[in-house]
There are 2 protein chains.
Amino acid sequence: MRERDVMVTRTRFDDSECPVARSVDAIGDWWSLLIVRDAFDGSRRFGEFQRSLGVAKNILTARLRALVAGGVLESVPASDGSAYREYVLTPKGKALFPVIVALRQWGEQNFFAPGEPHSQLVDRRQGHRLRVLEVLSADGRRLNPDDTTVHKISTQ
Amino acid sequence: MRERDVMVTRTRFDDSECPVARSVDAIGDWWSLLIVRDAFDGSRRFGEFQRSLGVAKNILTARLRALVAGGVLESVPASDGSAYREYVLTPKGKALFPVIVALRQWGEQNFFAPGEPHSQLVDRRQGHRLRVLEVLSADGRRLNPDDTTVHKISTQ
DNA sequence: CGGCATCCGATCGGATACTG
DNA sequence: CAGTATCCGATCGGATGCCG
């Protein structure tokens, strides 16, 4: 049974001229994003994702398959020699790192009371927190949303 | 009719210890994220969002309400003196800027052929493209995903 | 124009059982 | 352990109509 043949009524954005929309479309849903987060955190096995997320197995199967099909994850033979597969980030998947970090920092700043414990992303070398992401102009100025504008269409 | 009283079976993450999960939960869904994108691009009116997104009005109503309730958008009297409302980003909403920029850059890099036109975010002053977001350590080193690790729980 | 109310099919996701 | 298969209620979202 094929898959891409079905008529999907869910609105697609994969032909949008907006890169944000295409990204959103490619990731698929929030579960997928949390799977990617777990992959960054070191999860590789089906069961790891399943326990971490508490998602139903059939859902997880579908999401993993979609992420593999979308080139975000790659399915490789299990490193322990078992008959199973492991799911690792492709370069394209690793390129989602700033997205995850941005969401993490937004969450830290807005949804945790001061002192409330939460998981934290640190650099391996020194164990320190990361610097807050900054949006910069080509010449290095910090840009706020109001300092930017959208060119509706631009060739490259 | 109240709203928060309903038993939501959809898995919630608003009590997760992971900031990414709380962010995901707070935004709600992809529609909401695209609404936020439009807000960054200058949309303020119901009809602007509606035309831009092509979303059903009842859905848009619900999403706008949720974003206002979540403190991402604020509903203010229309600037043209009409009886209607406009929806503008709160500071918390504006703090989503890096998230949108990260998604935009990921989309640009992965879902557009070279030379394929797409909307583009530029700085107002010079009209140049933005710098690619970088994840940095506290002391300014560029960090790849492998250079980081997650501390499961950390008190602030 | 900016919503709200309603209907309805499609999809989602949780649960469960089964396989190797 | 790693899925696959199936069921089923809940939710989503598109369409439509109405109202100020």
Side-chain angles (χ1 to χ4, degrees), chain A residues 1-13 21 24-25 27-35 38-39 43-69 73-88, chain B residues 1-13 21 24-25 27-35 38-39 43-69 73-88:
Chain A
M1 167 161 37
R2 312 277 301 289
E3 212 186 6
R4 265 292 167 179
D5 295 353
V6 296
M7 249 327 205
V8 185
T9 46
R10 165 179 152 245
T11 312
R12 309 289 321 237
F13 303 104
V24 157
D25 189 80
I27 296 172
D29 70 351
W30 292 123
W31 280 123
S32 303
L33 201 61
L34 295 178
I35 290 172
D38 277 358
S43 292
R44 305 167 63 95
R45 296 291 284 257
F46 188 94
E48 289 184 279
F49 294 111
Q50 215 252 317
R51 278 189 304 279
S52 166
L53 296 170
V55 64
K57 289 190 292 182
N58 49 354
I59 306 296
L60 179 57
T61 299
R63 292 294 163 272
L64 286 174
R65 198 193 308 283
L67 287 169
V68 169
L73 294 181
E74 188 183 5
S75 170
V76 302
S79 51
D80 62 357
S82 68
Y84 304 122
R85 315 290 303 176
E86 292 185 351
Y87 301 91
V88 298
Chain B
M1 166 160 40
R2 313 277 299 289
E3 211 185 8
R4 267 292 168 182
D5 293 354
V6 296
M7 250 324 208
V8 184
T9 46
R10 165 179 152 244
T11 311
R12 308 291 322 238
F13 302 104
V24 158
D25 189 81
I27 295 172
D29 69 352
W30 291 123
W31 281 124
S32 304
L33 200 61
L34 294 179
I35 290 172
D38 278 357
S43 292
R44 305 167 65 95
R45 296 290 284 256
F46 188 94
E48 289 184 280
F49 294 111
Q50 216 252 319
R51 277 188 304 278
S52 166
L53 295 171
V55 64
K57 290 190 294 182
N58 49 352
I59 306 297
L60 179 57
T61 299
R63 291 295 164 273
L64 286 174
R65 197 195 307 284
L67 287 169
V68 169
L73 293 181
E74 188 183 5
S75 170
V76 302
S79 51
D80 63 358
S82 68
Y84 303 121
R85 316 288 303 176
E86 292 185 352
Y87 302 90
V88 298

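Since the structure is predicted, the reported quantities are computational estimates derived from the model, not experimental observations. Reckoned from all heavy atoms, side chains included, excluding hydrogens, waters and symmetry mates. Naming convention: chains lettered A, B, ... in sequence-line order (proteins, then strands); numbering from 1 in each chain.
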Query raised in the report: So do F46(A) and T61(A) actually touch side chain to side chain, heavy atoms under 4.5 Å?
Result: yes

Report summary line: Of dG2(C), dA2(D), dG14(C), the nucleotide closest to the side chain of F46(A) is dA2(D)

Query - First of A62(B) and W31(A) reached from the 5' end of DNA chain C, by closest nucleotide - result: A62(B)

**Report entry** d(CH2, W30(B); C1', dG13(D)) in whole Å
**Finding:** 17 Å

Report task. In whole angstrom, give the distance that lies between atom CZ of F13(B) and atom C1' of dG13(C). Result -> 11 Å

Query raised in the report: Does the W30(A) side chain pair with the main chain of A21(B), one donor and one acceptor, at a distance under 3.5 Å?
Result: no

Requested in this report: Mind running a 4.0 Å heavy-atom check of residues 75-82 of chain B against DNA chain C and sending the residues that fall below it, in number order?
Outcome: none

Query raised in the report: How far apart are the closest heavy atoms of R85(A) and R45(A), and which atoms are they?
Result: O-CD, 3.8 Å

Requested in this report: Check the angle between the aromatic planes of W31(A) and F13(B) and answer parallel, tilted or perpendicular using the 30° and 60° thresholds.
Outcome: perpendicular

Requested in this report: May I have the distance from F49(B) (atom CZ) to dG13(D) (atom C1'), rounded to whole angstrom?
Outcome: 19 Å

Query raised in the report: Taking a pair as Watson-Crick (N1 to N3 plus N6-O4 or O6-N4) or G-U wobble (N1-O2 and O6-N3), both under 3.5 Å, which stems of 3 or more consecutive pairs involve DNA chain C?
Result: C:2-20 with D:1-19

Requested in this report: Look at R45(B) and dC1(C) and indicate whether a side-chain polar atom (N or O) is within less than 4.0 Å of OP1 or OP2.
Outcome: no

Query - Distance, rounded to the nearest Å, where D29(B) contributes CG and dT11(D) contributes C1' - result: 12 Å

Query raised in the report: Where the side chain of R65(A) is defined as all heavy atoms beyond and including C-beta, which of dG2(C), dT4(D), dG13(D) is the nearest nucleotide?
Result: dT4(D)

Query raised in the report: Does a side-chain heavy-atom distance below 4.5 Å link F49(B) with Y87(B)?
Result: yes

Query raised in the report: Do the side-chain N or O atoms of R51(A) get closer than 4.0 angstrom to the phosphate oxygens (OP1, OP2) of dC1(D)?
Result: yes

Requested in this report: Say whether, by atom type as modelled, one donor and one acceptor occur between the side chain of Q50(B) and the main chain of V55(B) under 3.5 angstrom.
Outcome: yes

Requested in this report: Evaluate the side-chain proximity of D38(A) to L34(A): yes if any heavy-atom separation is below 4.5 Å, no if none is.
Outcome: no

Requested in this report: To the nearest 0.5 angstrom, please state how far the CD atom of E86(A) sits from the CG atom of D80(A).
Outcome: 6.0 Å

Query raised in the report: Looking at CD1 of I59(A) and CG of L53(A), how far apart are the two atoms once the value is rounded to the nearest 0.5 Å?
Result: 12.0 Å

Query raised in the report: Just by distance, do the side chain of S32(A) and the backbone of I27(A) share a donor-acceptor pair under 3.5 Å?
Result: yes

**Report entry** Per-nucleotide protein contact string for nucleotides 15-20 of chain D (B base, S sugar-phosphate only, - none; heavy atom under 4.0 Å)
**Finding:** B-B--B

Query - Length of the CD1-P vector between I59(A) and dA2(D), whole Å - result: 18 Å

Query raised in the report: Atom CZ of R44(B) to atom P of dC1(C): distance rounded to whole Å?
Result: 18 Å

Report summary line: Taken to the nearest 0.5 Å, the spacing of L64(B) CG from L73(B) CG works out to 6.5 Å

**Report entry** Rounded distance in Å - CG (L60(B)) to P (dC12(D))
**Finding:** 15 Å

Report task. Can you tell me the distance, in whole Å, between the CZ atom of R63(B) and the P atom of dT11(D)? Result -> 13 Å

Report summary line: Between the CZ atom in R63(A) and the CG atom in N58(A), the distance rounded to the nearest 0.5 Å is 9.5 Å

